[in-house]
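Single-structure report; data block below.
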Amino acid sequence: MSALRRRNAVNAFWTAACGAAVLLALLPLASLLWLVISRGVGGLSLDFFTHLPAPVGEAGGGVGNAIAGTLYMVGLASLVALPAGVGAGVYLAERGDGRFGSAVRFTTEVLAGVPSIVVGIVAYGLLVVPMKRFSALAGAVALAILMVPPLARSTEEFVRLVPGTLREASLALGVPAWKTGLRVVLRTALPGILTAALLAVARAAGETAPLLFTALNNQYWNARPDQPTASLTVQIFNYAVSPYSDWHDKAWSAALVLLLLVGLLNLAARLLARGRGGRTA
Amino acid sequence: MDAPANKISVQGLKAWFGKNEVIHGASLDIPDRSVLAIIGPSGCGKSTFLRCLNRMHELTPGAGSSGKMLLDDRDLYAASVDPVELRRRVGMVFQRPNPFPTMSIARNVSAGLRLNRVPGDHAEVVERCLRQAALWDEVKDRLDAPATGLSGGQQQRLCIARALAVEPEVLLMDEPASALDPIATAKVEDLIHELKQRYTIVIVTHNMQQAARVSDRTAFFYLGELVESGPTEKIFTNPSEQRTEDYVTGKFG
Amino acid sequence: MPLPADILPAAAVSARRGGNRGDRLYHAALQLLGGAVLAVAGLVLLELADVAAPAARRLGLGFLWRNDWDPVSGAFGALPFVYGTLVTSAVAIALALPVSVGLALFLSEMGPRRLRPVVSFAIEVLAAIPSVVYGLWGLFVLVPVLRDWVQPALARALGFLPLFQGPPIGLGYLAAGVILAVMILPTVTSVTIEVLRTVPASLREASLALGATRWEAIRMAVLPFGRAGIVGAALLGLGRALGETMAVTMVIGNSPEIHASLFAPGYSLPAVIANEFAEATGEVHLGALAALGLVLFGITVLLNGAARLLVAAVARGSARSAR
Ligand SMILES: Nc1ncnc2c1ncn2[C@@H]1O[C@H](COP(=O)(O)OP(=O)(O)O)[C@@H](O)[C@H]1O
Ligand SMILES: [Mg+2]
């Protein structure tokens, strides 16, 4: 009887230990979210979203150019990476069963694990060296290389989830394979793929390391792809590691803006994943 | 119109998956506007035979076929034949109902037309085909509802309507009732009786009563071999081959 | 059995597989996109090697083992970065693995069902937070906490170990390790859950039917079965930790030295690339940094490969025992 009591006590102990692990994991999350909100919210104003950064010691100023730069580079990257990633995923799902397909799949896995800072070096060699200057384009290329592999992987997964019987139904109606692929199979997998695409965009918006020596930074507005460009993340980094406490405040506010942006993208992805799972076109 | 007596003629068909030959030379004719039933134990090559008729078989990686297959006396596998065009003339209904889940009932029916860019709003076609498939009365008030909300039997009739909408000449049905309850099965069988006025139908079934009820002619496959084909009545009452007799009397299979 | 494909003339076979023109184009386009992935991977390697070449010629592979880094005077010994990367990643995995396994067990076996979605949502949020925000939090929250509370306490309790000696300054290996632990938690947890899911229900039920408590079933049936997969999860986490840049750069102290104490400031491979690449003093400096990138690339490829193999091995094992 007491053996049983001891065994139950051991069970209770380990159950509690798992609960403790949960608390331990939630603690940094709660602390981080609370601090970003509480220390960041004070600095938010319309100016913060629309103005250029102010010099040290001067009040006011914003991160308008950094927000614009992030959107600009992520947009440029998405333009190439979204179709390429989805296309590579469709290839893997539809034609990727041979040896070449396995090679592509393996390469995708490998690329997905490459640290983002390394991709920054690649974009540097690819664009900054020949152009002899840092540029939004180089930043966008780095982001694009980072976006493709995870997107290709999730696209393959979602396309493979589409039952083969739907493809057959369409082919049997005399619909060509390419139309079947795009308008039946891809269409059916679309909610999942859009979710994955939004997550890829969110991830790209939060990247810092690959921008440090590709897009660098810029104190001013920039819309030219061949010029250095500010980004929210690099701006947060520069503010945070500076010795000035008013810049630290700006780092928190900018971090809040970044979290809002990333959070909104994630939220949209979630809603899409939940709401559109196979309703009427 | 002066249609050839045989809608389809198959001569020496072999089919394989990779190195595995699964049909070892089958020859048979299918008269226009008749129903051919294909029977045989599972794995004997019935589905493969059917899928050779609309060239779906070759879509499986490593799969291929040889031999002659004529539709209206023209070679199905001639270099000039586009398999995509062919599949519009030879429609197919599958074992499990497979409506497009992203489309409404009406859009499922018109899917073949829309995907093939036939202009128009297709409302008329949708109604005609749903009536032909004996589904109109059950769904006319909810044409815009998702097709996935229908029962299994309704979904299968929807798939038949979808196949009819592209105006095929031949309809292939691969065990269309095997996933359905008896009432839905009866509806599909009635439907086949209606449809044979206008279409040539090839139906695979491993239910022999069903074959006897719906078909004019029957073909018996066994282990990849076409053992015997002929008028349904003869196959079931007076077959020429011992193996056919054993099978239709339930001695094996 | 005849081999029809061999008997038929090739022309006949290919004629029977001919397709629609649009389809041939489509398939060619898809093939091209697949090939593009290979091309990008090739490009990544080529560019890295290209930027690294000047340094590789001048320094040779030996620079990885030399312990001096002073670009201005032309000294490029990368050992402090290799050391810092390994130490911080080891700390991270040591902290994250038990917590992750606990979390995974909570989410898949032990936790109250109503709490599970909340916790798993929180883990997803943790995974979505950008690295630079972790760095910010680490710099202004974690570092002071370590400096004022954790390090003095550790020094009092375990100060006889060289690991926990020296002045508590907050910035350093420990801070980087802790923040990495938080950052890899979601990866390790989700892969562990994936692994636990592959444990056949029959194993668990068999022990429960013998009268085992829930924990005993986990210890006797679930954990042993999933062990290789959990090691795989840890390796995947390690792969992420090795390459993580911003948060580490912001809290590791950025000092190219080697110290036994976790309290001391150090440096890591990604951090030195992040800090010095944009303002590198010359071709060799740039090349040395790129060579570090190449090393990082190689390590992560190996780790990810090994991890995937382990996780797949567990999945195969469960398929076998389900039969
Ligand atoms: N996709 C496939 N790949 C390889 N072999 C297959 C495939 N489909 C069917 N087969 C094989 O071909 C043979 C005939 O199958 P099938 O035509 O589906 O038989 P039935 O429809 O009469 O049950 C079987 O032996 C089966 O194992
Ligand atoms: Mg079959």
Side-chain angles (χ1 to χ4, degrees), chain A residues 7-8 10-11 14-15 17-19 21-22 24-26 28-29 31-32 35-36 84 87-88 90-91 94-96 101 103-104 107-111 113-118 121-122 125-126 145 152 176-178 181 202 206 208-209 212-213 216 233 236-237 240-241 251 255 258-259 262 266, chain C residues 20 22-23 25-27 30-31 33-34 36-38 40-41 43-44 47-48 50-51 98-99 102-103 105-106 110-111 119 122-123 125-126 128-133 135-137 139-141 182 185 213-216 239 243 245-246 250 270 273-274 277-278 290 293 296-297 300-301 304 308:
Chain A
R7 288 170 55 202
N8 282 336
V10 170
N11 189 45
W14 286 106
T15 309
C18 286
V22 171
L24 216 53
L26 295 191
L29 177 65
S31 159
L32 185 148
L35 273 139
V36 171
V90 172
Y91 163 76
E94 292 214 351
R95 314 282 297 176
V104 173
T107 308
T108 315
E109 300 255 339
V110 167
L111 282 180
V114 175
S116 61
I117 185 104
V118 172
I121 301 179
V122 172
L126 217 52
I145 296 178
W178 67 271
T208 318
L212 287 172
F213 38 84
L216 202 71
T233 48
I236 294 171
F237 176 59
V241 298
L258 179 63
L259 276 195
V262 171
N266 273 277
Chain C
N20 177 281
D23 287 354
L25 256 167
Y26 175 64
H27 291 146
L30 283 183
Q31 196 86 18
L33 278 166
V37 172
L38 293 183
V40 167
L43 209 63
V44 166
E47 279 303 331
L48 274 179
D50 192 39
V51 184
V99 176
L103 266 173
L105 287 175
F106 183 93
M110 319 252 276
V119 174
I123 303 297
V125 175
L126 217 47
I129 293 172
S131 149
V132 71
V133 179
L136 182 67
W137 176 78
L139 196 53
F140 293 107
V141 182
V182 178
L185 208 60
T213 62
R214 198 169 273 275
W215 165 251
E216 284 164 342
T245 309
M246 295 321 293
M250 293 164 84
I273 301 173
F277 201 91
L296 208 50
F297 178 80
T300 46
V301 168
N304 282 317
R308 285 284 162 210

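Convention: sequence-line order gives letters A, B, ...; per-chain numbering from 1.
Most heavy-atom pairs under 4.5 Å with chain A: of the set C:Leu43, C:Val40, C:Leu30, this distinction falls to C:Leu30. Note: C:Ile273 leads C:Val182, C:Val133, C:Ile273 in heavy-atom pairs under 4.5 Å with chain A. Here C:Val44 is the residue among C:Asp50, C:Val44, C:Leu139 with the most heavy-atom pairs under 4.5 Å with chain A. The residue among C:Leu48, C:Leu105, C:Leu25 with the most heavy atom pairs within less than 4.5 Å of chain A is C:Leu48. In terms of non-hydrogen atom pairs under 4.5 Å with chain C, the most contact-rich of A:Leu29, A:Leu26, A:Thr108 is A:Leu29. Ranked by heavy-atom pairs under 4.5 Å with chain C, the first of A:Leu111, A:Leu126, A:Ile236 is A:Leu126. With respect to chain C, the highest number of heavy-atom pairs below 4.5 Å among A:Ala240, A:Ala152, A:Ala177 belongs to A:Ala177. Chain A forms more heavy-atom pairs under 4.5 Å with one residue of C:Ile123, C:Leu103, C:Val125, C:Val301 than with any other, namely C:Leu103. Ranked by heavy-atom pairs under 4.5 Å with chain C, the list A:Pro176, A:Gly206, A:Ala17 is led by A:Pro176.
With a threshold of 4.5 angstrom between heavy atoms, C:Ala41 approaches chain A through its backbone and through its side chain. Looking at A:Ala209, both its backbone and its side chain come within 4.5 Å of chain C, counting heavy atoms on both sides. With a 4.5 Å cut-off on non-hydrogen atoms, C:Asn304 touches chain A through its side chain but not through its backbone. Using a 4.5 Å cut-off between heavy atoms, A:Leu212 contacts chain C through both its backbone and its side chain. Only the side chain of C:Leu185 has a heavy atom closer than 4.5 Å to any heavy atom of chain A. C:Thr213 touches chain A through backbone and side chain together, each having a heavy atom under 4.5 Å away. Contact annotation for A:Arg95: only side-chain heavy atoms (C-beta onward) come within less than 4.5 Å of a heavy atom of chain C. Heavy atoms of C:Val119 lying under 4.5 Å from chain A belong exclusively to its side chain. At a 4.5 Å heavy-atom cutoff, the contact between C:Leu126 and chain A is made by backbone and side-chain atoms alike. Using a 4.5 Å cut-off between heavy atoms, A:Ile145 touches chain C through its side chain atoms alone. Residue contact with chain C, scored on non-hydrogen atoms closer than 4.5 Å, involves the backbone and the side chain of A:Asn11 alike. Using a 4.5 Å cut-off between heavy atoms, A:Leu216 touches chain C through its side chain atoms alone. Contacts between A:Ala251 and chain C at a heavy-atom distance below 4.5 Å involve backbone atoms as well as side-chain atoms. Proximity to chain A involves both the backbone and the side chain of C:Val99, based on heavy atoms less than 4.5 angstrom apart. Residue A:Leu258 touches chain C through its side chain alone, counting heavy-atom pairs closer than 4.5 Å.
In this structure A:Tyr91 satisfies the ring-ring contact (aromatic ring centres under 6.0 Å, His included) test with no other residue, sequence neighbours excluded. Every residue two or more places apart in sequence or in another chain that forms a ring-ring contact (aromatic ring centres under 6.0 Å, His included) with C:Trp215 is listed here: A:Trp14.
Heavy atoms only, all atoms of each residue included: C:Ala128 and A:Asn266 are closest at CB-ND2, 3.8 Å. Among all heavy-atom pairs drawn from C:Trp137 and A:Pro28, the shortest one is CH2-CB, 3.7 Å. In this structure, A:Gly181 and A:Glu94 approach most closely via the heavy-atom pair CA-OE2, 3.7 Å. When all heavy atoms are compared, the tightest approach of A:Gly125 to C:Val51 is CA-CG2, 3.9 Å. Residues A:Val22 and C:Phe106 approach most closely at CG2-CG, 3.5 Å, considering heavy atoms. In plain terms, the two heavy atoms of A:Val262 and C:Pro130 that are nearest each other are CG2-CG, 4.1 Å.
One distance of note links CG of C:Leu136 with CD1 of C:Ile129; it measures 11.5 Å at 0.5 Å rounding. Taken from CD1 in A:Ile117 to CZ in A:Phe213, the straight-line distance is 4.0 Å, to the nearest 0.5 Å. One finds the CG atom of C:Leu33 at 11.5 Å from the CG atom of C:Leu38 (value rounded to the nearest 0.5 Å). With values rounded to the nearest 0.5 angstrom, A:Phe237 atom CZ is found 8.5 Å from A:Thr208 atom OG1.
Of the possible donor and acceptor atoms, one in the side chain of C:Thr245 sits under 3.5 Å from a partner among the backbone N and O of C:Gly243.
Heavy atoms from other residues, nucleotides or ligands lying under 6.0 Å from CZ of A:Arg7 number more than 12.
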